[in-house]
Amino acid sequence: MRSRGRLGEIQERIKKLIIEERLPPGAPMPTETELMERLEVSRNSVREALKALQAMGIVEIRHGFGTYVGTMSMAPMTEGLSFRTVAGHYRGEDSLLQLLELREAVETGLMARLVAGPEQLAELEALVERMRREADEGEVRAETDRAFHSTLYAGLGNSLLSEVLDAFWDAFHRVRTDLAELRPDPRMTWQQHAAILDAVRSGDMRRAEEAVRAHFGNIRERLRSTASDATTRQPRFDDSSITSAAPITPQWR
């Protein structure tokens with residue numbers, strides 16, 4: 001316990017060093033020897049602390065090149081959120097519904113602040129048209145749905161918000177294969193997103209919020225329909241790892 005506490009103290013001192021020296025992501029860190037001297041600790045202690053910080057995305061160890069300030073992404077939170085949701089779902093808990101409600105609260109709460117410029121509207125229109133074509137083919141792709149929601153809120157210019165929404169999305173869709181038994185009506189999916197776009201285009205944010213709620217309400221009903229036998233099915237996960245899933249950047253930006 002004492003050594004674990006000591007390791008945590010070293011991690012905190014390295015984080016403090018990054019903050020005090022205002023090192024941006026990608027900046028080179030002091031060498032192991034320099035950290036040993038500045039922190040007055042052993043090489044092994046420095047290495048263990050750096051490994052732990054790398055797992056958090058705070059630093060990046062490039063073997064043969066040195067250690068650099070990390071991107072400080074939301075990947076660790078996404079990993080934990082995804083695992084918690086998936087594990088709870090297969091224990092028969094309503095973790096997916098809870099996550100959906102959280103995502104709905106965030107997205108609907110942002111509608112009043114949403115301002116869509118011409119380029120953003122053009123991108124949303126292109127995505128809705130893509131949904132229409134995909135619906136005609138029998139299935140609206142999850143990537144198209146995700147791109148629509150990402151583009152919808154991109155105009156707020158909040159990169160942290162984008163990462164949080166990505167985390168919600170990734171965690172939710174890790175178990176989307178379980179929703180395949182009650183597949184959504186693709187034309188309804190297209191029409192619901194078209195309704196959101198129509199309200200945003202007209203500047204009627206109250207109607208836009210109602211349209212978003214209707215969209216989430218449809219997903220909620222499908223989840224409730226599949227929740228009863230969640231514990232009896234063999235877990236089947238999407239092949240893509242949430243830590244490797246790249247956030248969708250709107251093309252209009």
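Atoms considered below: every heavy atom in the structure, side chains included; atoms not considered: hydrogens, waters and symmetry mates.
- Taking the side-chain contact (heavy atoms from CB on, under 4.5 Å) definition, one finds that R43 meets it with E32, T33, M36, R47, sequence neighbours left out.
- Under the side chain to side chain donor-acceptor pair (under 3.5 Å) criterion, Q54 pairs with no residue, sequence neighbours left out.
- Side-chain N or O atoms of T85 include one that pairs as donor or acceptor with a backbone N or O of L81 at under 3.5 Å.
- The CZ atom of R6 sits 8.5 Å away from the OG atom of S42 when rounded to the nearest 0.5 Å.
- For the pair L17/L35, a side-chain contact is recorded, criterion being any heavy-atom separation below 4.5 Å from C-beta on.
- Salt bridge absent: R38 and E40 never bring a charged side-chain N and a carboxylate O closer than 4.0 Å.
- The CG atom of L165 sits 5.5 Å away from atom CD of E107, with the distance rounded to the nearest 0.5 Å.
- Follow the hydrophobic side-chain contacts under 4.5 Å out from I19 and you never reach M56; the two are in separate clusters.
- In this structure, the side chains of K15 and E12 come closer than 4.5 Å at one or more pairs of heavy atoms.
- Counting only residues at least two apart or on different chains, the ring pair (Phe, Tyr, Trp, His ring centres under 6.0 Å) pairs with a member in residues 114-149 are F148-H193, H149-H193, H149-H215.
- Put simply, the side chain of Y68 never gets that close to the backbone of P25: no donor and acceptor are under 3.5 Å apart.
- Between atom CD of residue Q192 and atom CG of residue D185 there is a gap of 9.0 Å, rounded to the nearest 0.5 Å.
- Residue-environment remark: CZ (R206) stays at or below the threshold of 12 foreign heavy atoms within 6.0 Å.
- At most 12 heavy atoms of other shown residues, nucleotides or ligands fall within 6.0 angstrom of atom CZ in R113.
- For T144 and E134, the side-chain atoms include at least one donor-acceptor pair closer than 3.5 Å.
- Scanning for side-chain contact (heavy atoms from CB on, under 4.5 Å) contacts around R132 gives E129, D136, W190, with sequence neighbours left out.
- Every residue meeting the side-chain contact (heavy atoms from CB on, under 4.5 Å) condition with A87, not counting sequence neighbours, appears here in chain and number order: F83, R91.
- Note: E123 CD to E119 CD = 10.0 Å, rounded to the nearest 0.5 Å.
- Side-chain contact between I14 and M29 is present, with at least one heavy-atom pair separated by less than 4.5 Å.
- Looking at heavy atoms from C-beta onward, I58 lies in side-chain contact with I18 at the 4.5 angstrom threshold.
- Legend: residues meeting side-chain contact (heavy atoms from CB on, under 4.5 Å) with A199, ordered by chain and number and at least two apart, are R207, A208.
- Under a hydrophobic clustering in which Ile, Leu, Val, Met, Phe, Trp and Tyr are joined whenever their side-chain heavy atoms come within less than 4.5 Å, directly or via other members, I196 and M188 fall into different clusters.
- Judged by distance alone, the side chain of E34 and the main-chain N or O of T31 form a donor-acceptor pair under 3.5 Å.
- Checked by atom type and distance alone, the side chain of S150 never pairs as donor or acceptor with a backbone atom of R146 at under 3.5 Å.
- Distance alone, capped at 3.5 Å, is enough to place a donor-acceptor pair between the R13 side chain and the L39 backbone.
- A donor-acceptor pair is defined here as one N or O able to donate and one able to accept, closer than 3.5 Å; such a pair exists between the side chain of T108 and the backbone of E104.
- To the nearest 0.5 Å, atom CG of residue L127 and atom CD of residue E143 are 12.0 Å apart.
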